[in-house]
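See below for the structure under consideration.
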Amino acid sequence: MNLEQILTQRAEEAVVALYGTKLDANVLQVQETRKEFVGDFTIVVFPLLKISKQSPEATATTIGDYLQTNCSEVKAYNVIKGFLNLVIADIFWLKFMSETSFDHQYGYVKISDASAMKMIEYSSPNTNKPLHLGHIRNNLLGYSLSKILTANGHCIIKANLVNDRGIHICKSMLAWKRWGNGETPESSGKKGDHLVGDYYVKFDVEYKKEIDQLVKQGMDKEEATRKAPLIQEAQEMLRRWESKDPGTIALWEMMNGWVYAGFDATYQQLGVDFDRMYYESQTYLLGKEIVMDGLKRGVFYQKEDGSVWIDLTSDGLDEKLLLRSDGTSVYITQDIGTACQRFEEYGIDELVYVVGNEQNYHFQVLSLILDKLGYPWAKSLKHMSYGMVELPEGKMKSREGTVVDADDLMAEMIDTSREMSQELGKLDGLSPEEADKIVQIIGLGALKYFILKVDPKKNMLFDPKESIDFNGNTGPFIQYTHARIQSVLRKAAENNLDDHLEIDTNIVLNAKEVSLIHAVYNFPKTINDAAETFSPALVANYAYELAKEYNQFYHDYSILREENPAVRHFRILLSKYTAQVIRLALDLLGIEAPERM
RNA sequence: GGUCCCGUAGCUCAGCUGGAUAGAGCAACAGAUUUCUAAUCUGUCGGUCACAGGUUCGAAUCCUGUCGGGAUCACCA
């Protein structure tokens, strides 16, 4: 039970004792006291006036008196209008400090009683082009969310569904066959995913030329788009792929292999990974039987041309196609199949899709269909919907070449962090390997934090100039605070000041110290909230607040020069815990916290 | 047109299960270094929380409407 819950309970007892009325749940609000007032927690008494039949001030004072007398955690109180501010006894904070262990990962996070098995699908790239900034947001969110859910005691399976088939892959294959001259990643020195992406672009360029040509010859634009020889050839290639033509399959496997090698490198640098890979080439036929079965049971209906539909108009949605008139699957058919497969294969309790908000409608429909099919877990599908990443010059458009490539972006961030580190002399005395490592940690920390600090569901603006700022609300600022605390701790160790770090419960805390402990104390709550709302941004902003809090603490005190050993030990320990919580919070974001920088 | 999301300082963002005088960072200006890392800290400037109603002791927060921005409504994935 945390402090807020204890106080809520005590206050409810107080109301029973003083006014003889039992309150409904949630009538009583305990919240943190705002910085400008004295106190740690505040109870708002306005809702109690009907019961107390007293003025706000009198009610607050009466309850304050009771709590001070009967609740050992409450040391003092003050009343401002209808707000009862409670001051928590130092002994509570000191006990918290001495009883809590931060040494192992999440060791002190209360694991919820019903810890669940969850699968979280993220990344989901196409194999016809390299990853870009939008994928970075997806990957960072997915990876961070999986860590946050793990920290809450859940068992998480990280899954990636690779879209490795379809007309877009055939476009790359065709262009490579025609204009590639046997170019490979080895022969060209290009990363495999970039190489294949280049041929995808090449196809588009040539395809456009053909369309223009046909239009010039008087053909209708739409017809030209359909009848251009290149697109027809690509479609023919897709048919050969689907009939498992050996030559086509071999080419497909070779080029996809290049792409996977490229993706692996990107994933590795970004620091994300997966427990289970799914490939659309293996799953795209799933779901058809389930749809046919649903048709038999009358959940779906068939039109005259043989296509299968579901009518969702009574749910405020539209009619949705499930099987084409030629009997082949569409996107959602496959998703129905893979969802069933996953719940059967792993017995998971929840399936989370990290997918952009342009697919909100799709997932709404998917969940509804599965519900109508009678699957009890249909409501356990969760869509972690996130907004688009925009650039100062507008939206990313691959056609207009305004896409920010993931590999380029990471390289740029690292370069910038190297320049800034060098300017400040931070790399002096480091070996080239050490310098590379630190520069990478900081550059990527800046990128990850910049993206994760924003509420996932909102569209965000990515301004490259601002993202490489290392001051203020940024990843490097938090990393730097952590590194500086480590420096303090090293110094303490050198001077043998940290060898018996038990807490003297008689020392008196000041406002800054209480404020810092309070911030540390809030970490588990933050992780819980982040898991419930699918929002790594809560953890990010928490980490920043904590780092800022520590910087203020540090500037007012010469920790190691403090002469009272008990106080000195306490401050060293508080520094240590703060550093550990910062490191854990950054870890939940997939950001490393270096010991020095 | 239907549905969903967003609108908070010049800019980027917090705050949203209703609570006190709406907060940070950037930018601008003024300061701070005998001390553990100045990638730091302190201060000043900056607001009709898009607008209008409603709910109530109290609304940036909840409801309704309007305006503005975005997404989506394919026999694409």
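We name chains A, B, ... by the order of the sequence lines, and we start the count at 1 in each one.
By the criterion of a centre-to-centre distance under 5.5 Å and near-parallel planes under 30°, the ring of A:Phe46 forms a stack with the base of B:G19.
Across all strands, A:Tyr557 comes closer than 4.0 Å to base atoms (heavy-atom distances). Among the atoms of the strands shown, only primed sugar atoms or phosphate atoms (P, OP1, OP2) are found under 4.0 Å from some heavy atom of A:Gln552. Among the protein residues, A:Tyr361 comes within range of the sugar-phosphate backbone only, with heavy atoms under 4.0 Å from sugar or phosphate atoms but none that close to a base. Here A:Phe477 lies in heavy-atom contact (under 4.0 Å) with sugar-phosphate atoms only. If you check every strand for non-hydrogen atoms under 4.0 Å, A:Pro56 touches nothing. Within the 4.0 angstrom heavy-atom criterion, base atoms lie near A:Ile442. Among the atoms of the strands shown, base atoms are found under 4.0 Å from some heavy atom of A:Val44. Using a 4.0 Å heavy-atom criterion, one finds that A:Asp326 contacts no nucleic acid atom at all. Counting non-hydrogen atoms under 4.0 angstrom, A:Ser385 reaches nothing in the nucleic acid. When heavy atoms are screened at a 4.0 angstrom cut-off, A:Leu538 is found touching the sugar-phosphate backbone but no base atom. At a threshold of 4.0 angstrom between heavy atoms, the contacts of A:Lys426 include nucleobase atoms, whether or not backbone atoms are also involved. Nucleic acid contact for A:Ala492: none, since no nucleic acid atom lies under 4.0 Å from a heavy atom of the residue. Note on A:Tyr544: only backbone sugar-phosphate atoms sit closer than 4.0 angstrom, heavy atoms only; bases stay farther off. Among the protein residues, A:Asp463 comes within range of no part of the nucleic acid, since none of its heavy atoms lies under 4.0 Å from any strand.
Computed from coordinates, the A:Phe363 CZ to B:A71 P distance equals 19 Å when rounded to whole Å. The OH atom of A:Tyr331 sits 14 Å away from the C1' atom of B:A74 (whole-angstrom rounding). Computed from coordinates, the A:His362 NE2 to B:U3 C1' distance equals 17 Å when rounded to whole Å. Remark: C1' of B:A77 and CG of A:Leu321 are 13 Å apart, rounded to the nearest angstrom. For the pair A:Glu36 CD and B:A20 C1', the interatomic distance rounds to 8 Å; values are reported in whole Å. Atom pair A:Asp469:CG and B:A27:P shows a separation of 6 Å (rounding to whole Å applied).
Here the separation of B:U12 from B:G2, taken at their C1' atoms, is 34 Å to the nearest Å. Annotation: B:G53 and B:A9 have their C1' atoms spaced 26 Å apart (nearest Å). Spacing of C1' atoms, B:A60 relative to B:G18, comes out at 11 Å, to the nearest Å. Only the C1' atoms considered, B:A52 is 34 Å distant from B:A27, to the nearest whole Å. B:G10 and B:A20 are spaced 23 Å apart, taking the P atom of each and rounding to whole Å. B:U21 sits 15 Å from B:C49 when the P atoms are compared, rounded to a whole Å. For the P atom pair drawn from B:C11 and B:U55, the interatomic distance equals 34 Å after rounding to whole Å.
When the side-chain nitrogen and oxygen atoms of A:Asn471 are compared with OP1 and OP2 of B:U40, one or more of them lie within a distance under 4.0 Å. The side chain of A:Lys465 contributes no N or O atom lying less than 4.0 Å from OP1 or OP2 of B:U12. Residue A:Lys458 places at least one side-chain N or O closer than 4.0 Å to OP1 or OP2 of B:A14. A:Lys512 has no side-chain polar atom (N or O) that falls below the 4.0 Å cut-off from OP1 or OP2 of B:C41. At least one side-chain nitrogen or oxygen of A:Tyr480 sits closer than 4.0 Å to the OP1 or OP2 atom of B:A39. Contact annotation: A:Arg34 side-chain N/O to B:G19 OP1/OP2 distance is not under 4.0 Å.
In this structure, A:Met384 and A:Lys457 have side chains that are not in contact, with every pair of non-hydrogen atoms separated by 4.5 Å or more. Side-chain contact between A:Tyr19 and A:Lys53 is absent, with no heavy-atom pair separated by less than 4.5 Å.
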Applying the Watson-Crick and G-U criteria (both distances under 3.5 angstrom) with [ ] for crossing and | for other-strand pairs, one obtains for RNA chain B (((((((..((((.....[...)))).(((((.......))))).....(((((..]....))))))))))))....
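Across A:Val354 and A:Leu141, no two heavy atoms sit closer than the pair CG1-CB, 4.4 Å.
For A:Asn163, counting side-chain heavy atoms from C-beta on, the closest listed nucleotide (B:U40, B:U72, B:A77) is B:A77. Of the candidates B:A77, B:C41, B:A20, B:A77 carries the atom nearest the A:Gln359 side chain, counting heavy atoms from C-beta on. Among the nucleotides B:A38, B:U21, B:C13, the one closest to any side-chain atom of A:Arg484 is B:A38. For A:Arg561, counting side-chain heavy atoms from C-beta on, the closest listed nucleotide (B:C41, B:A14, B:U35) is B:U35. Of all nucleotides listed (B:C73, B:G23, B:C5), B:C5 comes nearest to the side chain of A:Lys457. Listed candidates were B:A39, B:A14, B:U40. Nearest to the side chain of A:Asn541 is B:A14. The listed nucleotides are B:G19, B:G15, B:C13; the one nearest the side chain of A:Met460 is B:C13. Closest approach to the A:Asn360 side chain among B:C4, B:C41, B:C13 is made by B:C4 (side chain taken as heavy atoms from C-beta onward). Side-chain proximity of A:Val330 to B:U12, B:A20, B:A77: nearest is B:A77. Here B:A77 is the nucleotide among B:A77, B:G19, B:A39 with the atom lying nearest to any side-chain atom of A:Glu280.
Checked by atom type, the side-chain pair A:Asn128/A:Ser172 shows no donor-acceptor distance below 3.5 Å. Between the side chains of A:Ser123 and A:Asn139, at least one donor N or O lies within less than 3.5 Å of an accepting N or O. Using modelled atom types, one finds no donor on one side chain facing an acceptor on the other under 3.5 Å when comparing A:Asn126 with A:Tyr200.
Between A:Glu236 and A:Arg239 there is a salt bridge, since a side-chain N of the basic residue sits under 4.0 Å from a carboxylate O of the acidic one.
Both A:Met388 and A:Ser307 lie close to RNA chain B; mapped to their nearest nucleotides by heavy-atom distance, the more 5′-ward contact belongs to A:Met388. Residue-to-nucleotide proximity on RNA chain B shows that, of A:Thr42 and A:Leu489, the 5′-proximal contact is made by A:Thr42.
In this pair, A:His518 and A:Phe41 present their aromatic rings tilted. The plane angle is within the 30 to 60° band. The aromatic rings of A:Phe83 and A:Phe46 sit perpendicular to each other, their planes meeting at more than 60°, with 30° as the lower class boundary. Ring planes of A:Trp252 and A:Trp241: perpendicular class, angle over 60° (limits at 30 and 60°).
Counting distance only, with no hydrogens placed and no angle test, the side-chain atoms of A:Asn85 and the base atoms of B:A20 include a donor-acceptor pair under 3.5 Å. The base of B:A39 does not come close enough to the side chain of A:Thr474 for any donor and acceptor atom to sit less than 3.5 Å apart. With hydrogens and angles ignored, no donor-acceptor pair under 3.5 angstrom links the side chain of A:Lys453 to the base of B:A14.
For A:Phe477 and A:Tyr480, the ring centers sit 6.0 Å or farther from each other.
For the pair A:Arg137 and A:Tyr386, the cation-pi criterion (under 6.0 Å, within 45° of the ring axis) is not fulfilled.
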